[in-house]
Amino acid sequence: MGVSAVTSFMLFSVLVLAPPLCLSHKTNGDYLYPQYYDHSCPKALEIVKSVVANAVAKETRMAASLLRLHFHDCFVKGCDASVLLDNSSNIISEKGSNPNRNSARGFEVIDDIKSALEKECPGTVSCADALALAARDSTVLAGGPTWDVPLGRKDSKGASISGSNNMIPAPNNTFQTILTKFKQQGLNVVDLVALSGSHTIGFSRCTSFRQRLYNQSGNGQPDYSLEQSYAAQLRKNCPRSGGDQNLFFLDFVSPTKFDNFYFKNILASKGLLSSDQILLTKSSASMELVKKYAENNELFFDQFAKSMVKMGNITPLTGSRGEIRKTCRKINKS
């Protein structure tokens, strides 16, 4: 389950403009903080919100897509917009990795956000910050919690397809593997369960859970932790072969509403992905959290917001590290 700043501040500016420490997130001697663009681009947040709102109004699914894009950015080299880079002579794009190929989407929305930001404040707002804001705005539009997004990230000058293939948790990973991948990012089991709750919106492809329907452990048997009538329903559109790209709601009860039905579904053995259901079956710590969030939507919302801020702070590029890309798909010409 986070997923870099603008013009360099002189020390004087940092001392004068930096907010109280309680609102800041210290990274390598620099700060991310929500007011970062208040003076350099006061309409930045409003612009992002407006473009995201239009995109989600056109296609509800886009909220989940943008949220996932931020997650897939932060887990590879930190929240630095590396996931947005296209292939070029010296960059192998993360878009071709196993977690992203044929599934990562929302790039055009980020293009639209960046284009609007460049018109308003050229060379000021990073793609990494735009993506972090878009993830928050998407959550709110779907009915989820809000939070202040710490800002000031810079954009990377490279990508890592190997990082994308290896660092992002996969739907068929074991619980321990997923937890290890979260811990490598400085996140813990509470963050893992809360951020998994983003699967309250959006879709999954048949190819991501087919093994649960037919051959969970390599012995030709289905996953018996999946409620059998639900499994039978899924098999209708997810055959043994073919239909890889067929889409299924991650939360079949309220698929477009950000709520705690994801956790209630898991308690009913109706988590779609193996990585969803094992939160109940493979760890007592995660099981307790699933039960708490299923019972208390407010508790889930509160922790989700905290964990999103924490994920958004994974090793950002700040200060003189990185750049502000002019377009999010390619690094600036030197």
Side-chain angles (χ1 to χ4, degrees), residues 2-19 21 23-41 44-45 48 69-95 110 113-114 117-118 121-136 148-164 166-168 184-187 308-334:
V3 123
S4 312
V6 188
T7 49
S8 301
F9 282 145
M10 294 166 63
L11 183 58
F12 165 78
S13 305
V14 173
L15 291 171
V16 172
L17 298 177
L21 291 184
L23 296 178
S24 313
H25 297 269
K26 195 170 191 329
T27 53
N28 304 314
D30 294 281
Y31 288 95
L32 298 185
Y33 55 97
Q35 305 84 356
Y36 190 86
Y37 296 112
D38 281 8
H39 299 288
S40 59
C41 193
L45 277 66
V48 175
L69 208 51
H70 179 48
F71 172 61
H72 283 209
D73 181 34
C74 291
F75 265 63
V76 184
K77 296 165 65 263
C79 310
D80 61 359
S82 61
V83 72
L84 304 177
L85 290 169
D86 285 340
N87 282 319
S88 67
S89 56
N90 55 354
I91 287 171
I92 301 172
S93 174
E94 292 170 19
K95 295 175 185 180
I110 301 299
I113 291 170
K114 183 60 173 169
L117 288 169
E118 285 299 303
C121 323
T124 304
V125 183
S126 68
C127 300
D129 278 346
L131 186 49
L133 288 165
R136 188 271 309 273
D148 290 333
V149 180
L151 300 165
R153 302 165 188 81
K154 290 279 182 67
D155 299 323
S156 71
K157 296 180 184 179
S160 174
I161 192 166
S162 62
S164 190
N166 296 314
M167 305 299 282
I168 296 171
Q184 283 168 343
Q185 308 296 347
L187 303 172
M308 282 297 289
V309 170
K310 200 169 163 188
M311 184 181 81
N313 288 320
I314 297 172
T315 56
L317 299 172
T318 54
S320 59
R321 298 157 71 239
E323 65 179 14
I324 306 295
R325 287 185 213 141
K326 290 185 177 66
T327 60
C328 293
R329 292 173 179 267
K330 55 187 183 184
I331 61 172
N332 297 338
K333 288 177 180 151
S334 45

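All figures in this text were calculated on a predicted structure; none of them were measured in a lab.
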Quick one: does [X]'s side chain have a donor or acceptor within less than 3.5 Å of a partner on [Y]'s backbone?
X      : Y      : result
Gln185 : Phe75  : yes
Ser93  : Leu85  : yes
Asp155 : Ile331 : no
Asn332 : Ile324 : yes
Asp73  : Asp80  : yes
Lys95  : Leu84  : yes
Lys114 : Val125 : yes

For the atom pair [atom1] ([X]) and [atom2] ([Y]), what is the distance rounded to the nearest 0.5 Å?
X      : Y      : atom1 : atom2 : answer
Ile91  : Ser156 : CD1   : OG    : 7.0 Å
Arg329 : Cys127 : CZ    : SG    : 10.5 Å
Thr327 : Glu118 : OG1   : CD    : 8.5 Å
Thr124 : Tyr36  : OG1   : OH    : 9.5 Å
Leu131 : Ile110 : CG    : CD1   : 4.5 Å
His70  : Arg136 : NE2   : CZ    : 11.0 Å

Would you check if Ser164 and His72 make a side-chain contact, meaning some heavy-atom pair closer than 4.5 Å?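 Not touching, per the 4.5 Å side-chain cut-off.
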Quick one, Leu117 and Val48 - any side-chain contact, counting heavy atoms below 4.5 Å?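 Sidechains of Val48 and Leu117: in contact.
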For [X] and [Y], which heavy atoms make the closest approach, and how far apart are they?
X      : Y      : value
Arg325 : Ala81  : NH1-O, 2.9 Å
Gly158 : Ser82  : O-CB, 3.5 Å
Arg321 : Pro316 : NH1-O, 3.3 Å
Gly312 : Leu32  : O-CD1, 4.2 Å
Leu151 : Pro34  : CD1-O, 3.6 Å

Would you mind telling me which of Asp86, Val76, Ile168 makes a side chain to side chain contact (heavy atoms under 4.5 Å, CB included) with Glu94? Val76
Take atom CD1 in Ile92; do more than 12 heavy atoms of anything else shown fall under 6.0 Å from it?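 At most 12 heavy atoms, drawn from other residues, nucleotides or ligands, come within 6.0 Å of this atom.
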Would you please test Ile314 and Leu187 for side chain to side chain contact (heavy atoms under 4.5 Å, CB included) and show each step? CA-CA 9 Å; Ile314 297 172; Leu187 303 172; 4.2 Å; yes
For the residue pair Asp129 / Tyr37, report whether a side-chain donor-acceptor contact shorter than 3.5 Å exists. yes
